Amino acid sequence: RLRVAASVDALNFVPSPSARAINSGRTNMVGALVPTLDHAIFARYLHALEEELALCGLSLVVATTGGDLELEAKRAQDLMNLGIEGLVVSGISRHPEFEKSVRRRALPVIGTSYFAPDHDVPTIGYDNAEIALMAWEHLVGLGHEKIAILHGPTDTNDRTLARVNALRARTSKEAIYVQCDLRYEAAADCAKAIVNDATGITALLCASDVLALGALFGLQSIDVSVPGAVSIVGMEDLPASRTTSPPITSIRLPLDQMGRKTARAMHIWIEQGERPSALKLHSELVERFSTCKI
């Protein structure tokens, strides 16, 4: 035994993961597809997902899609070629090629950041319509009547689309909707344009904290008081939103919980063949000092 161990050290021998996978039929890898790694919302969620998967003896492989469904289908195929045993995706909208590949391999897939109990893919996440209306009711409760809704692209993001559709169903035809890129600079420019062009706007409802932060910086750069002149509410409750001046009122999303519950559900599905049920996670409004009564 000592001679074998010495030879292993002398030859720098390491076991072949590929050979092990062939012999066992297992890779113990789970894939995750996310739009981007630029925003803290995905980093926080993936951190929790990876930590919990590791406790279950599974490794995480991540790929980004840029919100492009065709690219997502290609990235999914790449991960499947690596031998992933399950796949975690954002939202519920998929390209036909994605669906085809998953069905062929009978691959376990869980959708996150979305709650859709009747969807073909089990979902673990929050109700995007509900959180949008939570933000709306908060501003209306403070007396705001003319509110501008600032949101990211809806054609490539079904979570944003669900939020905007819920607000359109609740708000009047006179409500102002502005779409911009999910970047701080774009949100800053849009916020400045809104207060300069629209008369009587007293609040900005931002469908993301990235937009809320950009809007805050943009308004402050032209000496518009927040919340004195314009209140701002965001969604996601990113760490940066708690440290701005003023700190931003936001909808806190259960990102850590979503990552951990998704990991456990995927582990059970892979190991025991038990497909998870849809799970709705609780979100809450955290009131800070970027909103006030009028």
Side-chain angles (χ1 to χ4, degrees), residues 36 38-45 113 126-152 157 159-160 163-164 166-167 171 175-196 198 201-258 281-294:
T36 179
D38 283 344
H39 303 315
I41 181 173
F42 296 111
R44 291 170 61 197
Y45 152 66
S113 303
Y126 35 84
D127 187 324
N128 285 278
E130 183 179 272
I131 65 173
L133 295 178
M134 196 183 302
W136 174 262
E137 295 297 340
H138 172 67
L139 292 173
V140 171
L142 293 174
H144 296 278
E145 295 182 355
K146 195 158 186 183
I147 302 168
I149 293 92
L150 185 61
H151 62 87
N157 190 312
R159 286 81 68 205
T160 298
R163 298 175 193 184
V164 171
L167 291 168
T171 60
I176 297 173
Y177 287 81
V178 178
Q179 176 173 303
C180 73
D181 292 338
L182 203 61
R183 297 181 295 108
Y184 298 116
E185 300 91 339
D189 291 340
C190 285
K192 289 186 284 187
I194 289 170
V195 297
N196 286 331
I201 291 292
T202 63
L204 283 176
L205 192 162
C206 300
S208 163
D209 266 18
V210 171
L211 300 180
L213 288 161
L216 174 65
F217 301 148
L219 295 185
Q220 289 178 335
S221 72
I222 56 172
D223 295 323
V224 173
S225 173
V226 176
V230 177
S231 287
I232 295 177
V233 62
M235 298 176 201
E236 291 158 357
D237 192 31
L238 298 180
S241 300
R242 307 167 201 170
T243 57
T244 53
S245 180
I248 295 175
T249 296
S250 186
I251 307 296
R252 178 173 293 162
L253 302 183
L255 301 177
D256 185 83
Q257 186 184 24
M258 184 172 72
L281 303 177
H282 174 70
S283 302
E284 62 178 335
L285 184 135
V286 181
E287 188 172 359
R288 299 194 179 95
F289 298 109
S290 67
T291 55
C292 69
K293 290 184 179 181
I294 61 170

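Fair warning: this is a prediction, and the values are worked out from it, not measured in the lab.
No side-chain donor-acceptor contact under 3.5 Å links Glu236 to the backbone of Ala40.
Thr244 meets the side chain to side chain donor-acceptor pair (under 3.5 Å) test with no other residue; sequence neighbours excluded. Under the rule for a side chain to side chain donor-acceptor pair (under 3.5 Å), the partners of His144 that lie at least two apart in sequence or sit in another chain are Thr202, Ser231. Looking at residues two or more places apart in sequence or on another chain, you find a side chain to side chain contact (heavy atoms under 4.5 Å, CB included) between Phe289 and Pro246, Pro247. With sequence neighbours excluded, the residues satisfying side chain to side chain contact (heavy atoms under 4.5 Å, CB included) with Ala215 are Leu150, Ala191, Leu204, Cys206, Ile232. Checked against side chain to side chain contact (heavy atoms under 4.5 Å, CB included), Leu133 has the following partners two or more places apart in sequence or in another chain: Ala166, Leu167, Arg170. Not counting sequence neighbours, Glu145 has no partner by the salt bridge (Lys or Arg N to Asp or Glu O under 4.0 Å) test. A search for side chain to side chain contact (heavy atoms under 4.5 Å, CB included) contacts involving Thr160 returns His151, Thr154, Asn157, Val164, not counting sequence neighbours. Residues that satisfy the side chain to side chain donor-acceptor pair (under 3.5 Å) test with Asp209, not counting sequence neighbours, are Ser241, Ser250. For Asp181, there are no side chain to side chain donor-acceptor pair (under 3.5 Å) partners at least two apart in sequence or on another chain.
Within the structure, salt bridge (Lys or Arg N to Asp or Glu O under 4.0 Å) contacts touching residues 285-294 (residues at least two apart or in different chains) are Asp237-Arg288. The side-chain hydrogen bond (donor to acceptor under 3.5 Å, both in side chains) analysis of residues 183-192, with sequence neighbours excluded, yields no pairs. Applying the salt bridge (Lys or Arg N to Asp or Glu O under 4.0 Å) test to every pair with at least one member in residues 210-225, sequence neighbours left out, gives no pairs at all.
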